[in-house]
Amino acid sequence: MAKAIRDVYGEALVKYGKDDERVVVLDADVSSSTKSAVFGQACPDRFLNVGIAEANMTAMAAGLASVGKIPFVNTFAVFITSLGLTAARAFGSYSKLPIKMAGAYGGVSDSYDGPSHHALEDIAVMRTLPGFEVFVPCDAVQTDWLIKHAIDTPKPMYLRLSRGAFPDVYQEGTEFESGKGNIVREGTDVTIIACGLMVGNALEAARLLEKDGISARVVDMFCIKPIDKELIVRCAKETGAIVTAEEHNVIGGLGSAVCEVLCTEGAQVPVRMAGVYDTHTECGPYEKLQEKYGLDAAAIARKAAEAKEAKR
């Protein structure tokens with residue numbers, strides 16, 4: 001049964017970090033929302049609530065990383081990638097310190113708090129920082145793996161998390177690899193490349209398309225950086241059309257990253273993007289926001305049909 005991504009994250013911090021004295025967790029006074037409080041309860045001596053001081057928190061994490069700790073920095077995605085950006089750039093990117101920046105409530109998942117709390121530019125910001133790896137998990141199994149991977153890998157990372165529960169895509173024990181996407185449904189007419197919540201929506205879109213005689217392949221591109229160039233090119237050649245699906249502005253995120261690969265690798269095919277089109281988003285129920293801003297399965301299916309038609 002699907003679990004909320006933030007709950008899985010909190011549980012995984014304890015699961016993989018409780019007995020590893022290197023792991024420390026910092027939060028900017030929203031630990032009950034990010035679920036880092038779960039780690040705080042289990043390991044109070046390695047948990048720091050720094051208050052509403054996101055820039056200072058990220059710089060503190062750098063200091064901890066410089067003496068061998070593995071710091072997980074927590075707050076809402078929109079704040080950690082804006083207020084925490086200077087320290088992320090100077091200490092994570094330039095100094096190569098292994099800061100793990102966990103951005104909670106990615107996309108529009110903080111639905112009722114509205115545009116001030118919706119993160120629609122965070123992937124674009126973080127993937128431009130040299131040395132940072134950028135991940136957007138699509139379900140509970142992948143989120144659990146991601147926390148262990150972050151602990152085991154001495155690199156700065158941005159982990160884009162969500163408030164909501166995502167449909168199960170993977171079975172327990174599935175192995176993942178940084179820089180490698182996964183084909184989660186085969187198809188021959190068009191490829192939908194998605195991340196996070198949009199993977200589940202893309203799978204539903206593929207089922208809708210099947211009713212209209214369109215065979216859609218679905219790729220989970222959970223690792224935005226480094227991105228799987230080989231798989232993107234392969235899908236372009238095999239299906240002849242690409243749709244990207246992201247809970248993010250279409251400028252600078254997954255769609256842009258995929259198009260960069262297609263252009264530089266000489267694999268130009270028709271491309272359509274499902275995402276937010278350069279606007280701030282409103283308050284409202286999560287499902288209604290997805291529908292309004294073209295993030296739901298029906299919207300992805302429409303983009304896929306357009307991309308397939310453009311092959312002619």
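Numbers here are sequence positions counted from 1.
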Listing, residues 206-213 side-chain donor-acceptor contacts under 3.5 Å, not counting sequence neighbours, or none:
unit_1: Arg207; atom_1: NE; unit_2: Glu204; atom_2: OE1; d: 3.2
unit_1: Arg207; atom_1: NH2; unit_2: Glu204; atom_2: OE1; d: 3.1
unit_1: Glu210; atom_1: OE1; unit_2: Arg185; atom_2: NH2; d: 3.2

| What distance separates His118 NE2 from Tyr112 OH, expressed to the nearest 0.5 Å? | 10.5 Å
| task | Look at the side-chain heavy atoms of Ile, Leu, Val, Met, Phe, Trp and Tyr, link any pair under 4.5 Å apart, and say whether Phe135 and Ile224 land in one connected group. | result | no
| Quick one: are the ring centres of Phe39 and Phe72 less than 6.0 Å apart? | no
| query | Roughly how far apart are Leu197 CG and Glu247 CD, rounded to 0.5 Å? | reply | 5.0 Å
| Taking C-beta and beyond as the side chain, do Met157 and His149 meet within less than 4.5 Å on heavy atoms? | yes
| Is Val136 reachable from Tyr9 through a run of I, L, V, M, F, W or Y residues, each pair having side-chain heavy atoms under 4.5 Å apart? | no
| field | Ring center gap for Tyr158 and Phe132 short of 6.0 angstrom | value | no
| Out of curiosity, does Met57 fall in the hydrophobic cluster containing Tyr105 (side-chain heavy atoms, cut-off under 4.5 Å, transitive links)? | no
| said: Regarding Arg234 and Glu230, does a basic nitrogen lie under 4.0 Å from an acidic carboxylate oxygen? | reply: no
| Is a salt bridge present between Glu133 and Lys225, judged by a nitrogen-to-oxygen distance below 4.0 Å? | no
| said: Please list all pairs meeting side-chain hydrogen bond (donor to acceptor under 3.5 Å, both in side chains) that have one or both residues in residues 23-45, counting only residues at least two apart or in different chains. | reply: Asp27-Thr34, Asp27-Ser36, Asp29-Asn49, Thr34-Ser36
| message | Hydrophobic cluster membership, with links at side-chain heavy-atom distances under 4.5 Å among I/L/V/M/F/W/Y: are Ile52 and Leu85 in one? | response | no
| said: Pair Met221, Asp228 - check side chain to side chain contact (heavy atoms under 4.5 Å, CB included), show working. | reply: CA-CA 8 Å; Met221 195 62 71; Asp228 193 341; 3.9 Å; yes
| request: May I ask you to say whether Glu260 pairs ionically with Arg127, meaning some side-chain N is under 4.0 Å from a carboxylate O? | output: yes
| Separation between CD of Glu175 and NZ of Lys180, rounded to the nearest 0.5 Å | 15.5 Å
